[in-house]
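For ligands, and for the atoms within them, numbers begin at 1 and follow the listed sequence.
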Amino acid sequence: MDSQTVTRFPPSPSGYLHLGGARTALFNWLYARHTGGRFVLRVEDTDVSRSTKESVAAILEALEWLGIDWDEGPYFQSQRFDVYKAYINRLLASGNAYYCTCSAERLEKVRQEAMQSGGKPKYDGNCREKGLEWREGAVVRFKAPLTGTTLVSDRIRGHIAFDNTELDDFIIQRSDGTPTYNLAVVVDDITMNINTIIRGDDHLNNTPKQIQLYEALGCEVPCFAHVPMVLGPDKTRLSKRHGAMSVTAYRDMGYHPEAMVNYLVRLGWSHGDQEFFTRDELVEKFNLEHVGRSAGVFDQEKLLALNAEHIRAASNEALAERLIPFLSEKGIEAAPGDYLYDVIETIKNRSKTFVEMAEAAAFYFVEHVTYEEKAASKFLKPAILAPLKEITEALEQTEGLDQETLEPIFQRVMDAHGLKLGKIAQPMRVALTGKTFSPGIFEMIRVLGKAAVVSRLKDAIGYIESHHLTIS
Ligand code: GLU
C-alpha cells in the first residue's frame with residue numbers, strides 16, 4: 001500500500017535521548033499513528049568512534065518510557081554497509097558519481113582561494129570529468145547538477161529553492177569505504193519505504209543534496225517537514241545550560257511520561273488554546289498543518305504544572321505503579337492494593353512529581369512517626385495532653401472512622417476543656433505524620449485505620465509525657 005504513511009526516527013547513538021530528539025521522535029510517531037501508518041526506528045551508528053552500545057540502550061529505554069513504540073527496527077546502519085555500497089556502485093555506473101583523488105592539500109588550497117575571492121568554499125570539480133578508476137585513498141563524489149535550482153517543498157516551511165551553483169559535488173563515500181550521512185540516509189529512507197520525513201530544521205541544508213540523490217537514483221522524493229529547533233527561555237538553542245536535557249533525567253525527577261509527551265508535543269504544535277492532552281487525544285488531533293514555524297521555548301515551570309495536572313488526572317492504580325519505585329528508593333516497600341490507592345487519593349492533588357508524592361506518602365508506611373523538631377515543640381505540649389488522651393480513648397471505642405462520627409467526638413472533648421475544635425488539628429497532624437502539612441485529618445484517619453491512628457496518638461502522648469517530665 002503506497003498510500004500508507006511511513007515515518008522514521010533515526011537517532012545517532014552518541015549520548016542520551018535529549019528533549020529535542022524526543023520531540024522529533026514523537027512527531028514522527030504521532031503522525032504515523034494519526035494516519036494509521038508505520039513508524040520505523042533506525043540507529044545511525046556509522047560513526048563508530050562516537051557510537052556506543054550504552055547510548056543505543058539509553059535511547060531505546062527513553063523511547064519505551066515515553067510510550068513510543070515502533071513497527072519496524074531498530075535497524076542499524078553499521079550492519080548495512082553492503083546496501084550503501086550497492087547504491088554507490090549504482091550511482092557510479094549511471095555516471096551520477098565519480099572517484100576523486102584530490103589530495104587534502106589541494107582541497108585546502110581550493111578552499112582558501114574561494115574564500116579570498118569572497119565565494120563559498122566548494123569543490124571545484126577537478127576530478128569530475130576524469131573518469132578515474134578506484135585507487136587507494138579515493139573518495140566517491142556525487143555529480144551534482146551545475147545549473148538550475150533544487151526545490152524543497154516543505155510541509156512546514158513551504159517551498160524553498162536552493163540554487164545549484166551554491167551546492168557542490170559532495171562526498172558520498174569516504175576514502176575508507178564508508179558512506180557519508182547524506183548517502184546512507186537516502187538509501188535507508190528509500191529501502192525502508194519512508195515517505196514522510198519530519199526532522200529538525202538543522203537538517204534543512206542537507207535536504208537539497210538528498211533530493212538530488214533521490215532524483216539521480218530515479219526514486220520518488222519523500223515529503224519533508226522541518227521543525228524549528230527548541231529554544232531555552234533566553235531564546236538560544238536549548239542546551240544543558242537550561243537544565244536537564246536527557247529524557248530519562250525527567251523520569252528520575254518524578255515526571256509522568258504522559259506529561260512529558262504532552263509538553264514536548266506542545267513545543268511546536270498547537271490545537272487552539274488547549275494545553276492538556278491525553279495520548280489518545282494527541283493521536284487523534286496531531287497533524288503537520290498546526291506545527292508552527294517559530295521555535296518552541298522550553299519552560300520547566302510549565303512542564304511541572306502540566307505534570308501536576310497529569311498526576312491529578314491519572315487513576316490511583318496507574319499512579320501506584322509509577323510511585324512504587326520512588327517509594328522503594330526511600331526504603332518503603334509498598335505493594336499495589338487498596339491501601340496504596342487510598343494513600344494516593346489523599347496526596348495526588350498536592351504532589352507535582354512522583355518524588356514529591358513519595359515524600360508525602362512516606363508517613364503512611366512507618367511503624368513510628370518521626371517528628372519534625374519544630375512541629376513537635378510547637379504542638380505536642382502538655383496543654384493538649386488531656387484532650388489527646390480522651391480522644392484516643394474515644395477512638396478506641398468507636399466503630400466508624402468517618403468525619404460525621406469523629407467530628408462530634410472531637411468537639412465534645414475540646415468543649416469540655418474550653419478549647420476550640422481547631423486547636424486539636426495541628427497536634428493531631430504532628431502525631432499522625434510528624435509534620436505540620438498533610439492531607440486532611442479525617443482523610444488520613446480513614447486511610448491509616450483505627451489501630452495505626454491509636455498507636456500514633458499513644459506515641460504522641462508518650463512523647464509529651466516524657467518531654468513534660470524532663471522539663472518539670
Ligand atoms: N541521525 C540524524 C540525527 O540524529 C538524523 C538524520 C535525519 O533525520 O535525517 O540528527
Side-chain angles (χ1 to χ4, degrees), residues 5-32 38-52 54-60 62-63 66 68 70 72-81 83-84 87 142 150 152-157 160 162 170 172 174 178-214 217 219 221-230 237-239 245-247 264 268 288 291:
T5 302
V6 188
T7 65
R8 59 15 167 221
F9 179 56
S12 304
S14 56
Y16 46 73
L17 180 65
H18 58 79
L19 299 175
R23 188 194 57 166
T24 303
L26 266 171
F27 279 11
N28 280 285
W29 179 82
L30 280 173
Y31 194 62
R38 286 198 343 274
F39 175 66
V40 177
L41 181 62
R42 174 170 85 222
V43 177
E44 304 209 324
D45 58 349
T46 46
D47 186 348
V48 280
S49 64
R50 298 183 61 213
S51 306
T52 65
E54 292 71 31
S55 168
V56 174
I59 292 170
L60 299 194
L63 291 174
L66 288 171
I68 299 179
W70 47 93
E72 261 182 63
Y75 295 112
F76 290 85
Q77 284 194 330
S78 59
Q79 293 166 10
R80 294 171 48 81
F81 282 116
V83 184
Y84 309 132
Y87 273 81
F142 176 63
T150 300
V152 177
S153 300
D154 191 272
R155 291 284 297 270
I156 296 165
R157 312 270 300 238
I160 309 161
F162 287 81
F170 56 92
I172 56 175
R174 298 185 193 91
T178 58
T180 56
Y181 157 73
N182 280 311
L183 186 280
V185 158
V186 168
V187 171
D188 282 342
D189 288 338
I190 290 171
T191 50
M192 294 169 193
N193 301 312
I194 307 297
N195 55 24
T196 308
I197 295 177
I198 306 168
R199 63 184 173 196
D201 64 9
D202 51 336
H203 280 289
L204 189 57
N205 282 332
N206 288 316
T207 309
K209 298 181 193 178
Q210 296 178 7
I211 289 176
Q212 291 180 353
L213 283 173
Y214 278 97
L217 288 163
C219 296
V221 177
C223 151
F224 287 98
H226 288 91
V227 183
M229 296 281 95
V230 181
R237 192 172 164 174
L238 190 65
S239 75
M245 284 291 287
S246 122
V247 167
L264 288 173
L288 293 174
V291 174

- request: Scan Thr24, Leu288, Val291 and name whichever one has a side chain to side chain contact (heavy atoms under 4.5 Å, CB included) with Ile198.
  value: Leu288
- line: Near Arg199 (heavy-atom distance under 4.0 Å), the atoms of ligand 1 are 7 (C), 8 (O), 9 (O)
statement: closest protein heavy atom to atom 10 (O) of ligand 1 is His203 NE2, 2.9 Å
message: Whether the Arg80 and Thr191 side chains hold a donor-acceptor pair (N or O, under 3.5 Å, no angle test) is what I'd like checked.
response: yes
- prompt: Tyr84 vs Phe81 aromatic rings, parallel, tilted or perpendicular, using cut-offs 30° and 60°?
  reply: perpendicular
- prompt: When you measure from the centre of the six-membered ring of Phe27, is the NZ or CZ of Arg23 under 6.0 Å away and within 45° of the axis?
  reply: yes
field: Protein heavy-atom partner closest to atom 1 (N) of ligand 1 - residue, atom, separation in Å
entry: Glu44 OE1, 2.6 Å
query: For atom 6 (C) of ligand 1, what's the nearest protein heavy atom and its distance?
result: Tyr181 OH, 3.2 Å
query: Mind checking whether Tyr181 and His203 have parallel, tilted or perpendicular rings, split at 30° and 60°?
result: tilted
query: Between Gln210 and ligand 1, is there a nitrogen or oxygen pair with a distance under 3.5 Å?
result: no
field: Under 3.5 Å: N/O of Pro11 near N/O of ligand 1
entry: no
- request: Mark the output for Phe9 as yes if a heavy-atom distance to ligand 1 is under 4.0 Å, and as no if none is.
  value: no
task: Identify whether the distance between the nearest side-chain nitrogen and carboxylate oxygen of Arg8 and Asp188 falls below 4.0 Å.
output: no
message: Test of understanding: given a 4.0 Å heavy-atom threshold, classify the contact between Arg8 and ligand 1 as side chain, backbone, both, or neither.
response: side chain
message: Determine whether a donor-acceptor pair (N or O, by modelled atom type, separation under 3.5 Å) exists between the side chain of Asn28 and the backbone of Phe9.
response: no
field: Protein contact to atom 4 (O) of ligand 1 [nearest heavy atom, distance to 0.1 Å]
entry: Ser12 OG, 3.3 Å
